[in-house]
Amino acid sequence: ASADDDYVLELEHISKRFRNLVVCDDISFKIKRGETLGLVGESGSGKSTLARCIAGLTLPDSGIIRLNGKDLSLRIERRSMASVRAVQMVFQSPENTLNPSFSVRAILGRAISRLAQKAVSPDRLEKLAENVRLPQVFLDRRPRQLSGGQKQRVAIARAFAGQPELVLCDEPVSALDTSVQAGILYLLTRLQNEERVSYLFISHDLGVVRYLADRIGVMYLGQMLEIGTSADIFAGPRHPYADALLRASSLDGGETSPLPAAMPDAQVTEQSCRFAARCPRAMATCISAPPPVREGENGHQIRCHLTLEQLCHPGTPTPVSI
Ligand code: SF4
Ligand code: MG
């Protein structure tokens with residue numbers, strides 16, 4: 001295979017329901033080696049469920065997940081140790097995943113023996129801490145004695161203990177102060193450059209994702225509404241929802257304009273565009289038929305009744321308003 005189709009992760013038609021709610025609706029995408037796919041959307045859009053399916057923490061109802069070409073559609077306890085090591089997760093709140101009664105040394109030592117399957121030596125521990133720029137003095141502390149940013153560094157060190165190929169980052173900086181966020185994002189970027197790891201980077205904030213994603217997927221109520229390279233998405237054409245997210249982004253520089261209205265229940269929107277109830281450009285067809293997927297350059301896809309030409313020009317009058 002050429003470097004161009006060196007995919008670490010391939011998702012084909014992943015669907016997941018909880019009772020009657022479609023949490024992930026026919027999601028397909030691929031992530032290349034060393035690439036970052038940013039996944040954005042508000043809470044409830046299905047991003048975390050998708051990550052949990054990839055990590056094996058929950059099973060999709062249908063669809064295929066491949067890691068390095070091998071089917072991975074199994075729960076984590078039935079996966080090979082090799083695939084468990086290869087796919088790691090970093091969560092929003094490290095305090096929930098760092099055992100409070102263990103020292104950092106014990107937490108990282110366990111990761112070294114379990115994920116790297118190597119003997120735990122002071123050298124390896126110090127190297128792992130150094131790799132995430134965590135001063136050695138913190139090795140003997142417990143999680144509660146660390147700041148939020150330091151805890152996230154421990155969680156990242158743990159994820160990288162066994163040289164992962166894919167790290168699923170679920171809102172890893174959302175709970176941190178802006179000044180601390182930058183340090184963690186820089187750390188993730190440096191680790192990626194050094195280890196050629198791939199990231200699925202989940203955030204509700206398009207501005208954060210813009211900083212490090214090569215490609216961006218925009219999810220809403222379980223559906224992928226737009227996916228494309230960061231450059232193409234920011235240059236436009238852009239899905240009306242992605243447009244609204246960008247305007248609401250904290251790093252956009254301009255004044256923030258929060259999205260209007262709460263999210264409608266997914267059940268009532270299955271035959272329409274899921275964003276219709278909140279879309280400033282909605283037309284009559286948007287509530288009577290599911291929108292087609294518009295194909296742009298470089299694999300750019302936008303699910304909308306508006307044409308790419310119309311999406312390019314936000315001022316284009318819409319035929320019928322509702
Ligand atoms: Fe808006 Fe219609 Fe496009 Fe949905 S299909 S995003 S409602 S214009
Ligand atoms: Mg979430």
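Counting starts at 1 for both ligands and their atoms, following the listed order. A quick note: this is a predicted structure, and the numbers were derived from the prediction, not measured.
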- Query: Which side chain to side chain donor-acceptor pair (under 3.5 Å) pairs, counting each pair once, include a residue from residues 110-121, with sequence neighbours left out?
  - Reply: none

- Query: Val23: which other cluster members, linking ILVMFWY side chains closer than 4.5 Å, directly or transitively?
  - Reply: Phe18

- What are the protein N/O/S atoms, named by residue and atom, that sit under 2.8 Å from atom 1 (Fe) of ligand 1? Cys279 SG

- Of Glu42, Glu226, Arg274, Arg278, which is the lone residue that meets side chain to side chain donor-acceptor pair (under 3.5 Å) with Tyr241? Glu42

Donor-acceptor pairs under 3.5 angstrom involving side-chain atoms of residues 33-40: please list them, not counting sequence neighbours.
from	atom 1	to	atom 2	distance (Å)
Arg33	NE	Asp6	OD1	3.3
Arg33	NE	Asp6	OD2	2.9
Arg33	NH1	Glu165	OE1	3.1
Arg33	NH2	Asp6	OD1	3.3
Arg33	NH2	Asn68	OD1	2.8
Glu35	OE1	Lys32	N	2.9
Glu35	OE1	Arg215	NH2	3.3
Glu35	OE2	Arg215	NE	3.1
Thr36	OG1	Gln192	OE1	3.2
Thr36	OG1	Gln192	NE2	2.9

- Nearest heavy-atom pair of Gly46 and Cys24: which atoms, and what distance? O-SG, 3.6 Å

- If you count the non-hydrogen atoms of other residues, nucleotides and ligands that lie under 6.0 Å from CZ in Phe234, is the total more than 12? yes

